[in-house]
Every structure is written in C-alpha cells, then in structure tokens.
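Down below is the structure, laid out as structure tokens.
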Amino acid sequence: MMKGNRFLIPTILFITFTVVAAIFWSLKNDDNVTEASKVNIPNIENPFFLKGNAYISLHRGETFSLSLPFLFEDSSIDGISAVTFDSNDIEAEMDVISKTGQQYGVAELGYMKVDIRINKAGSFKAQEMTLISGDKSVSVNIGKLVFDVNNDRPSTNLVFSGAAVQTAMDEYTLNIQNTEKMEPVAIKSVTAELASMHLHTVADFVPAGKTISHTLALSGDPERYSWYILKPKVTYTVAGQEKTTSGYPTILQLTEWTQENINHIFENKANSEYK
C-alpha cells in the first residue's frame, strides 16, 4: 500500500455510497419486483464504467480513496490487479472491487475502489483509466476528474463536515468549525471547477471556537454525468496569513434513473467498457 496519511472520510464515502445505492435499488412494491427490473436495458457484453465528473481538492501527498461505479452482467472484471490514469503524476493503487448485488434490469451495480495520491502541486485531469490484468490491459473512459493539489499543509484551524452522499443536485452543504481558541478565521472563497455544474462560492467569518454552516447553490446540467464528487478548495485567512485547504467530500447522484437516464448512459458508454 502507499505510504502517507489515509483519511477516514473517503472510506465512509465508499460505504455510504454503497448503502445509498443499495437503498436506491431496493424493492419498491409488495410483489418483490423492482421498478428497475421493468426497464428494458440492452444486454451488457462487457462491464462498463459510468462516466462521472469530479473536482477533488487535495494536499500534496494526501491519499484519497476514489470509488468508481460500473455496470456489468458477468464477472470478468474480477481479475484486475492494477490501474493507471492518463496523467503520469497521478499515482493509483488498486484497493477492492465490490458488487452490490443490486440489479437494474440485466445489469448489476459494482464499484472499483482506487487509492489516489499526487506528490506535487498543480491541477491534474483524468479521463481515462487503464485496467491491468496479467499481460492484458484495457483503457476505459471514466468521464472527467480534476485533482487540484496545493502545497499547504492540512489545516489545523478548521474542521469541515457535510453530507457524504446526497441526491440533491442543486446544492452543496459545508459546515466549518474554527478550532482556534483566540483567532477568528475569514473564509475568502469556496471554489470548484466542475465540467457541467457551477458551485456558487461564499465568503464568511468564523469566530474563534465557533461553527458556521452554509448551503452553497449548484447550477448547470447535472444529467450530463451519472455521478459527481465535489471536494472544493477553501481559501481562508487566519492571523493575517492566507492559506488553502480542502472542503468536505460529497458524492452527488440523481434521485433515480429514469428510462431517459438509462438510455443516455448506454448511448454514451463508448470507450468505457472492460473487454
């Protein structure tokens, strides 16, 4: 495994995302027939990854656990032993592949958990992931992921919390606790660069020892991607010094998949299959 700090929040995100998915796919009537099973989904020849959009603010050297959803009809994806991304600066280590057992027509939902680490500051984009199994490798399209890495050390002044997973696609909740006993903290901005949604930033003042809460508006075209991860960059000032840190990571997903959503997913699954 990679060395470096590992945070509990990404693991909680993975577990919570899986639980929410399980609830989402749960039985919806007394006849034990899911609404999802009534949807006419084409046969899946190969597992394919649902394309997402993520903005993930990180500190240099921080490890972030990324859970990538995929749909499959067979289990040929089990043999994956390693992954790489289309940016050499993104270090990736395969963690675990899990299957939810939740059916959507002929398809079952699964997740691939990958640990990400970047050891220098800058903005790094990932759109393709290469899956390695023995002497075989296949590159798949996973959407558009942006990792914004800063050189500052993790904040000792602020503690963030919010929603680990939410179905609302028009807002992002961020609670900010100032752990300083004497010094107030001025929040200058909360920003994220998503491809199809805009996060409306906020500026505020957090007194020493206090907690404030904000619900920031999101606007745009959420149906463009199947899922989102939002972990914004927070710029703040304490004791006259400007610093950068990362907000709380939240997974966003639509309340339910309609036939239109499913058709869109299948129409846009090109280059995202593990063959």
Side-chain angles (χ1 to χ4, degrees), residues 1-4 6 10-11 13-15 17-18 21-22 25 41-54 56 58 61-120 124-147 149 195 224-229 251 253 257 262-275:
M1 296 293 291
M2 298 178 187
K3 295 182 179 179
R6 293 185 180 276
T11 301
L13 274 176
F14 172 73
I15 295 172
F17 197 6
T18 303
W25 303 121
I41 299 179
N43 289 336
I44 299 178
E45 297 180 0
N46 304 289
F48 72 92
F49 285 81
L50 278 64
K51 296 177 185 177
N53 183 202
I56 301 171
L58 297 173
E62 176 184 352
T63 298
F64 183 84
S65 292
L66 181 67
S67 293
L68 298 168
F70 61 91
L71 291 175
F72 67 99
E73 189 176 356
D74 59 48
S75 58
S76 61
I77 202 167
D78 287 332
I80 302 301
S81 58
V83 300
T84 61
F85 287 89
D86 51 349
S87 171
N88 294 330
D89 295 304
I90 301 175
E91 297 181 5
E93 184 170 321
M94 182 69 194
D95 191 337
V96 66
I97 294 174
S98 64
K99 300 173 182 178
T100 66
Q102 304 301 320
Q103 295 294 130
Y104 202 73
V106 299
E108 183 176 344
L109 181 67
Y111 292 94
M112 175 177 289
K113 186 179 176 185
V114 179
D115 293 327
I116 302 294
R117 185 175 180 179
I118 302 174
N119 290 313
K120 67 180 184 180
F124 306 90
K125 296 179 180 179
Q127 292 181 287
E128 287 191 351
M129 177 175 62
T130 298
L131 311 174
I132 302 169
S133 177
D135 59 357
K136 176 184 176 182
S137 65
V138 177
S139 294
V140 296
N141 190 315
I142 54 174
K144 186 173 183 179
L145 281 58
V146 175
F147 300 92
V149 184
R224 182 174 169 186
Y225 292 93
S226 300
W227 55 271
Y228 293 83
I229 296 178
I251 293 173
Q253 58 184 15
W257 285 350
I262 287 295
N263 291 343
H264 180 75
I265 289 172
F266 274 86
E267 288 169 2
N268 291 279
K269 72 182 180 69
N271 304 320
S272 64
E273 293 176 275
Y274 172 64
K275 302 177 181 179

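- At least one side-chain heavy atom of Ile56 sits under 4.5 Å from a side-chain heavy atom of Leu66.
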For the pair Phe72 and Ile77, evaluate side chain to side chain contact (heavy atoms under 4.5 Å, CB included) and give the outcome as yes or no after the intermediate values. CA-CA 9 Å; Phe72 67 99; Ile77 202 167; 5.6 Å; no
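- To the nearest 0.5 Å, the span separating CD1 on Ile116 from CZ on Phe64 amounts to 9.0 Å.
- The closest donor-acceptor contact from the side chain of Trp227 to the backbone of Leu50 lies under 3.5 Å.
- Residue Ser65 holds its OG atom at 10.0 Å from CD of Glu93, rounded to the nearest 0.5 Å.
- Of all non-hydrogen atoms in Val114 and Ala92, the two that sit nearest each other are CG1-CB, 3.8 Å.
- Rounded to the nearest 0.5 Å, atoms OG1 (Thr63) and CG (Asp115) are 6.5 Å apart.
- Side-chain contact between Glu91 and Phe85 is absent, with no heavy atoms from C-beta onward closer than 4.5 Å.
- Between Phe70 and Val140, every side-chain heavy-atom pair lies at or beyond the 4.5 Å cut-off.
- From Ser226, atom OG reaches atom CD1 of Ile262 across 8.0 Å, with rounding to the nearest 0.5 Å.
- The OG atom of Ser87 sits 11.5 Å away from atom CG of Leu145, with the distance rounded to the nearest 0.5 Å.
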Identify every side-chain donor-acceptor pair in residues 124-135 under 3.5 Å, counting partners at least two apart or on other chains, and give the distances.
{"residue": "Thr130", "atom": "OG1", "partner": "Ser139", "partner atom": "OG", "Å": "2.8"}
{"residue": "Ser133", "atom": "OG", "partner": "Gly79", "partner atom": "O", "Å": "2.9"}

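- When all heavy atoms are compared, the tightest approach of Ala195 to Lys144 is CB-CD, 3.8 Å.
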Go through the steps to decide whether Tyr111 and Lys99 satisfy the test side chain to side chain contact (heavy atoms under 4.5 Å, CB included), and finish with yes or no. CA-CA 6 Å; Tyr111 292 94; Lys99 300 173 182 178; over 6 Å; no
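- A donor-acceptor contact shorter than 3.5 Å is absent between the side chain of Asp95 and the backbone of Lys113.
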Start with the C-alpha distance between Ile265 and Tyr225, add both sets of side-chain angles, then the distance that settles side chain to side chain contact (heavy atoms under 4.5 Å, CB included), and finish with yes or no. CA-CA 8 Å; Ile265 289 172; Tyr225 292 93; over 6 Å; no
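- Using a 4.5 Å heavy-atom threshold, the side chains of Tyr228 and Ile251 count as separate.
- Here the closest non-hydrogen pair linking Pro69 and Leu109 is CB-CD1, 4.3 Å.
- Side chains of Asp89 and Lys120 form a contact here, defined as non-hydrogen atoms less than 4.5 Å apart.
- To the nearest 0.5 Å, atom CD1 of residue Ile80 and atom CE of residue Met112 are 5.5 Å apart.
- The side chain to side chain donor-acceptor pair (under 3.5 Å) contacts involving residues 265-275 comprise His264-Asn268, Lys269-Glu273, where partners must be two or more places apart or lie in separate chains.
- With hydrogens and angles disregarded, a donor-acceptor distance shorter than 3.5 Å links the side chain of Glu73 to the backbone of Ile44.
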